[in-house]
Structures are given as C-alpha cells and as structure tokens.
2 protein chains.
Amino acid sequence: MLSVTIDDVALAAGVSIRTVSRVLNESPHVGAETRKTVLETIERLGYSPSTRARALASGRSFLIAMVQDDPNAHVIGALQRGIVEACSSHGYELVVRPVHFANPDIASDIENFVRRSRVDGLIVLPPTSEIAAIPERLTRLGVPSVGIASVSLPEYPCMLVSNERGATRALGQHLLELGHRRIAMIEGPAHFRSAQERKAGFLEGIGGSMPEAYRREGDYGFDSGAAAAEALLSLDQPPTAIFAANDIMAAAVAKIARERGVSVPGQLSLAGFDGSDIASMITPALTTIRRPLVDMAQAVTERLLDMISGARASWPHERIDLTLVHGKSVGPAMDDPRKNGR
Amino acid sequence: MLSVTIDDVALAAGVSIRTVSRVLNESPHVGAETRKTVLETIERLGYSPSTRARALASGRSFLIAMVQDDPNAHVIGALQRGIVEACSSHGYELVVRPVHFANPDIASDIENFVRRSRVDGLIVLPPTSEIAAIPERLTRLGVPSVGIASVSLPEYPCMLVSNERGATRALGQHLLELGHRRIAMIEGPAHFRSAQERKAGFLEGIGGSMPEAYRREGDYGFDSGAAAAEALLSLDQPPTAIFAANDIMAAAVAKIARERGVSVPGQLSLAGFDGSDIASMITPALTTIRRPLVDMAQAVTERLLDMISGARASWPHERIDLTLVHGKSVGPAMDDPRKNGR
DNA sequence: CTGAAAGCGCTTACAG
DNA sequence: CTGAAAGCGCTTACAG
C-alpha cells in the first residue's frame with residue numbers, strides 16, 4: 001500500500017538510514033543542517049514511518065488497551081474520551097478490549113490478549129479493576145497497567161481511586177440534615193466493590209443503620225431500579241428519601257414515582273450517582289455525585305505512558321474526592337408523608 | 001517481556017519454523033502427526049505469536065479502526081459494541097480514532113493516521129461517513145473502508161445505509177393520521193446529511209410543508225432541544241406534535257413541556273429518533289425510530305473483514321429499513337389545544 | 001508434506 | 001555528529 005520507506009528517505013537525503021531514524025526519534029545527536037535536510041526530504045516524499053516495523057525493532061507497539069466491562073454508555077464514553085485524548089497527544093493508539101467480569105478466567109483472557117496484541121500497557125476500568133489477579137499477572141508479564149476504581153489494590157503500580165465512600169457519606173449526612181429519617185437505598189450488585197463502597201459510605205452518613213425493608217439490591221440497570229422503586233413505594237411506611245447507587249437506577253425511580261403520583265422532591269427526595277448526562281435530562285434534574293471521569297481517565301493514561309517510557313516504574317495511588325451536585329430532586333423531609341395521599 | 005519465539009517452538013518440536021508458521025496459519029499442507037506435535041509444543045511452552053512480527057512480515061496489522069466524531073454516547077456505544085464483537089471473533093483488534101468533522105483537513109488527517117498505524121481497514125461512522133473525500137483517499141491508498149450513514153456515497157466500496165428518510169416519512173404520516181395539523185420539527189444541524197434526510201422524509205410524510213415558525217434547527221444536543229422547545233411552546237399557536245431529530249433533543253422537549261405544564265401526549269405529542277436507552281428512561285417513554293446500530297455495526301465489520309481477507313473487493317450498498325417504536329408520547333390530536341390552558 | 005533463505009522496515013549497540 | 005551491520009519474529013515464494 002505504501003512505497004516510501006526509510007531507505008528511500010536516506011537515499012534522497014544523502015544520509016544513512018540511521019540518521020533518518022535519529023531524526024524520527026528526535027535524538028539530540030543530529031546536526032541542525034542534517035536534521036533540516038532529512039525533515040524536508042520526509043515532507044517531500046510524503047514518508048510516514050511504519051509503526052509495525054518500529055514496533056518489531058523497538059519492542060514497543062505504540063498501542064495501549066482499555067479493558068472494560070460496563071454496559072453504562074455514559075461512563076464508558078466519558079472514560080474513553082479522556083484516555084484517547086491522552087493517547088493521541090503522545091503518538092499512541094487506543095485498542096478497546098471488552099472482557100467479562102464474571103469470567104473466572106478473566107486474568108488469563110487478558111494475559112493472552114496482551115501476549116498476542118503486544119500492547120505496551122493497559123488501563124483497567126471498573127468493575128474489572130477490582131480483580132487483584134489481573135494486575136498481578138500483568139506485572140509478572142512485565143507489562144505496566146493502571147487502574148481506576150473505588151478502592152485501592154496494591155497490586156497495581158498506579159491507581160486513581162475515586163472516594164465514593166466519602167461522597168456517599170456526605171450525601172447521607174445531607175439527607176439527615178434535611179430532616180429525612182425514613183431513608184432507603186437501592187444498592188449496586190453486592191459483588192462489586194463500588195457498590196459496597198457506596199453503600200458503606202451512605203450508611204455511615206445516615207448514622208449507621210437502615211431497616212432491611214429499605215435496602216434493595218439492583219444491578220445498576222434501569223429495570224432493576226424500577227423494580228426496587230416499586231417495592232419501596234409500596235411499603236406501608238414508604239421512605240421519604242431514596243439514594244440509588246447510580247443515575248440510571250435513580251432515573252428509574254423518578255419514572256416510577258411519577259407514574260404513581262409521588263412528587264419529587266415534594267414527597268420523595270431522590271439522589272443518584274455518577275453525574276452523567278442523564279441526571280440533567282430527566283425532570284426534576286437529579287441530585288447526584290459527580291465522578292470526573294474524563295479527567296481521571298486522562299490523568300491515569302498520562303501516568304501509564306510515563307511508566308511505559310520508563311520515566312518511572314510506579315506511582316503512589318491517588319484518591320480523588322467527588323463532588324455532590326445539587327439538582328432539584330432533593331428537598332426537606334415532610335413531617336408525615338402518609339398525609340399526602342400515598 | 002516474552003521469551004518464547006517461533007524458533008524455540010521449532011527447536012523443541014523438531015521441525016522448521018516454516019512448519020510452525022504453517023500450523024499457526026492453518027495451512028492444509030501439514031501432516032496430521034506433525035501438526036499435533038507442533039500444537040502440543042506450543043501449548044507446553046506457552047507460546048503466542050507476536051502480532052507485531054506477523055504484521056511486518058505479512059503486511060497485515062490485524063488492526064482495524066473505527067473513525068468517529070459523535071458526542072452521543074448511546075450511539076457510539078452501540079456501534080462500538082457491534083464492531084468489537086465482529087473484530088474479536090476474527091482475531092482483529094479495534095483501534096478507536098476520534099476525528100473532527102469540522103476539520104477541513106479531515107481526509108489528510110485520516111490518511112496520516114492510516115499510514116502511521118497501518119490499520120488493515122476502517123469503519124467510518126456518521127457524520128464523518130458523509131464526507132466523500134475520505135473513502136476516495138482511502139481507496140487511493142489501497143486500504144479498504146466501509147461506511148454507515150443515512151445516504152449512500154459511491155466512493156465507499158461497502159456501505160450500510162439506514163433508511164432514515166423512509167422512517168421519518170412514516171412517522172409524519174402517522175402523526176397526520178392521528179389528526180395532527182400543527183406539526184413542528186426540531187432539526188439536526190443543517191450540514192449533516194442525516195439531518196437533511198430526517199427532515200426531508202418527515203416533510204414528505206406530513207404532506208410537504210411546514211410553516212417556518214414550526215421549524216427549528218438544533219445541534220443534536222440537549223440544550224439546543226430545550227431552547228427550541230421553549231420557542232415552539234411559546235408560539236400563539238403552539239404545535240400539537242413535535243418531532244425532534246434525535247432522542248436527546250426529544251428528551252429536552254419532554255422536560256420543557258413538563259416544566260410548562262404541557263402534558264405529553266395529552267396536549268403535545270412528541271417523537272424522537274434513535275431508539276436509544278434514554279427513550280425508555282424518560283416519562284412518558286418516547287415514541288422513536290429505532291436504528292439497529294449494534295447489528296448494523298457488526299454486519300458492516302464482517303464485510304470489511306471479508307474485503308481485507310481478499311474474499312471480495314466491494315459490496316453492493318445495502319439499505320436498512322428502520323422501525324417506529326411506539327412509546328407513550330404520541331397520541332391523537334386534540335380539537336383545539338388552546339382550550340387546555342396553554 | 002517439509003525446509004533453508006530472504007525479506008518485511010525499522011532500531012540499537014558499537015565504532016569511528 | 002554520522003555510518004555499516006545485525007537483529008526484532010514472523011511470512012513467503014521457491015525448491016525438493
């Protein structure tokens with residue numbers, strides 16, 4: 001498909017391919033005059049070096065992979081935007097690698113992928129980033145990896161940890177301060193660390209306990225949120241506030257509430273998690289906890305690239321505090337919600 | 001990072017590397033016994049061939065790229081799922097390449113990317129797939145490309161064209177049959193072919209014309225939909241039906257309508273486009289036009305892979321008919337909407 | 001059915 | 001500051 005190689009450039013510029021290579025790799029050991037000639041020749045011939053050949057010769061593929069298993073398009077989309085941004089500005093390409101969290105052989109699956117594709121590094125996203133066996137394997141393979149998650153796994157040489165527990169704790173306190181006493185939560189899947197963190201923080205925030213009937217487990221999907229909302233709103237003593245562990249489930253609660261004639265935030269305060277687009281698309285706009293996903297993804301990718309270039313072998317894990325975004329779905333508790341026709 | 005090479009395998013199996021290569025590439029010209037020995041040796045040594053080396057030697061990178069410029073996470077997410085699915089099952093990796101539709105040098109940008117990365121083929125997504133210069137360049141480079149769009153560009157050796165005009169025509173007719181006469185549309189950006197198609201079809205469906213005041217241009221984003229809705233609902237004779245050219249803008253209309261106390265579908269019928277998750281998340285669930293994005297993406301990727309393998313050089317462009325999904329946001333027109341307090 | 005040799009297009013110590 | 005040679009780990013005609 002292409003004809004121009006480094007040999008053509010060297011020939012035309014009257015230098016050795018070694019010198020062309022040096023110019024390409026921005027080696028300081030090239031005379032200014034020589035460099036100029038080479039660059040002009042490259043331009044004139046329309047030469048672009050083959051990454052395939054560079055890869056084989058240098059041992060670097062200039063490919064990094066994003067390992068994911070999350071059906072939430074908002075979250076994945078934001079993360080991908082940050083990652084690809086950082087990649088592009090450093091001459092790397094981004095390979096997308098979907099995996100299955102539930103696959104017991106997930107670590108082997110990823111190892112095989114790495115051996116085959118020869119990516120130079122991996123960014124592992126939640127919930128896959130919660131599995132310690134993965135960074136363990138990758139480190140043994142000698143391939144740098146970074147993780148984004150809600151908890152810190154020492155196996156990763158670099159991680160960005162979103163302080164989900166702290167944020168949900170603050171949310172719980174906020175609801176308490178608004179006078180809510182009958183507070184419910186729709187949790188994420190119990191085997192996800194993120195779900196555990198969000199629950200633990202929220203419980204701390206509201207003072208440590210919640211009746212069983214007010215705790216429902218969802219799967220971060222819309223339908224599960226709707227089912228949980230139906231159950232909660234059918235209780236004799238329905239909650240005056242519901243925290244759903246992500247925006248999608250919170251949107252489901254909003255929908256069910258509306259169908260049942262329960263006004264938000266008049267009769268029911270509602271909060272979500274993620275700060276995704278959907279939070280502002282529904283009515284009323286959702287109070288939610290914003291994760292700065294684009295920034296986190298970009299930052300962690302920059303660090304990975306530093307590790308690949310050998311600038312450093314690891315980074316202290318960093319914790320990111322999240323912010324509570326006040327929408328219009330949370331208000332003061334009413335004295336007795338039963339008076340209001342529920 | 002890895003030590004085992006094809007030489008090690010050949011040595012251990014007592015054959016030449018040529019034979020190992022043949023086994024790897026599933027050549028039929030290998031004795032059953034030999035093949036078995038080689039495969040066992042590969043297994044025992046934990047060997048996986050380097051794609052980098054295969055790429056250089058074979059002229060194929062086993063990489064394909066997805067070229068995109070669409071901030072709509074739902075659309076991109078669905079397309080990516082279909083593409084990556086097809087890639088994985090054929091041993092290809094997917095590289096994500098974001099571009100800027102508005103960049104006048106977009107074709108050069110993509111050409112440079114291809115020369116550098118050596119991807120074996122590209123899948124170009126809307127709206128980028130509406131630019132004829134791109135397939136033109138790629139074909140000249142000798143790199144196969146496929147497009148997904150709302151119109152057929154002959155420059156592409158293969159395209160999947162969603163019949164957006166036909167679908168919006170049907171929607172227009174449907175509104176007409178329900179008795180609507182004051183029908184408005186929030187269009188997409190006028191320089192997008194998809195926006196033109198959706199508008200043209202809809203106009204055909206409602207009988208060919210629409211007062212200027214009932215036509216608003218949006219940018220497919222939420223805020224532009226909200227602004228258009230405000231304007232439309234403030235008219236002396238507000239429309240009894242609004243078609244927004246995508247679900248996100250339709251969601252914005254729903255929100256504004258609710259804020260203004262305009263009931264949907266009681267006082268206002270509302271339809272969107274895309275059939276994305278958000279359509280079912282808002283209340284009432286949106287009537288929308290579903291694009292089978294995952295299936296389309298997967299199908300077009302399969303065809304691209306066929307072209308790469310040399311099975312065929314091009315495909316007749318295929319048109320995909322879309323389906324109208326009946327939500328709860330469209331109903332019969334009322335006799336006189338002004339009676340209802342607007 | 002199987003092998004020895006050349007080559008894909010670069011980079012990398014090693015010299016000069 | 002610059003060059004000749006070897007090598008990265010495969011595949012590919014060409015023979016046998």
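Worth saying up front: this structure is predicted, and the values here are computed from it rather than measured. Note on naming: letters A, B, ... go to the chains in the order of the sequence lines (proteins, then strands), and numbering restarts at 1 for each one.
- A/T51 has no side-chain polar atom (N or O) that falls below the 4.0 Å cut-off from OP1 or OP2 of C/dC10.
- With C/dG3, D/dC10, C/dT11 as the choices, the nucleotide that has an atom nearest any side-chain atom of B/Y47 turns out to be D/dC10.
- Regarding contacts with the backbone of D/dT2, every side-chain N or O of A/S16 stays at 4.0 angstrom or more from both OP1 and OP2.
- Residue contacts for A/R52: at a heavy-atom cut-off of 4.0 Å it reaches no nucleic acid atom on any strand shown.
- For the pair B/D109 and B/R97, the salt-bridge criterion is met [side-chain N within less than 4.0 Å of a carboxylate O].
- Judged purely by distance below 3.5 Å, without hydrogens or angles, the side chains of B/D120 and B/S61 pair a donor atom with an acceptor atom.
- Here D/dC8 presents its C1' atom at 13 Å from CD1 of B/I6, a figure rounded to the nearest Å.
- Map B/A32 and A/A53 each onto its nearest nucleotide of DNA chain C; the residue landing nearer the 5' end is B/A32.
- As a whole-Å value, the separation of B/L11 CG from C/dG3 P is 12 Å.
- Close to D/dC8, at under 4.0 Å from its OP1 or OP2, lies no side-chain N or O of A/S58.
- OP1 or OP2 of C/dT11 lies within a sub-4.0 Å distance of a side-chain N or O belonging to A/S21.
- OP1 or OP2 of C/dT11 has at least one side-chain nitrogen or oxygen of A/R54 nearer than 4.0 Å.
- Ring centroids of B/F62 and B/H90 are separated by 6.0 Å or more, keeping the two rings apart.
- Residue A/D7 is classed as having no contact, given no heavy-atom separation below 4.0 Å to the nucleic acid.
- Between B/E111 and B/R115 there is a salt bridge, since a side-chain N of the basic residue sits under 4.0 Å from a carboxylate O of the acidic one.
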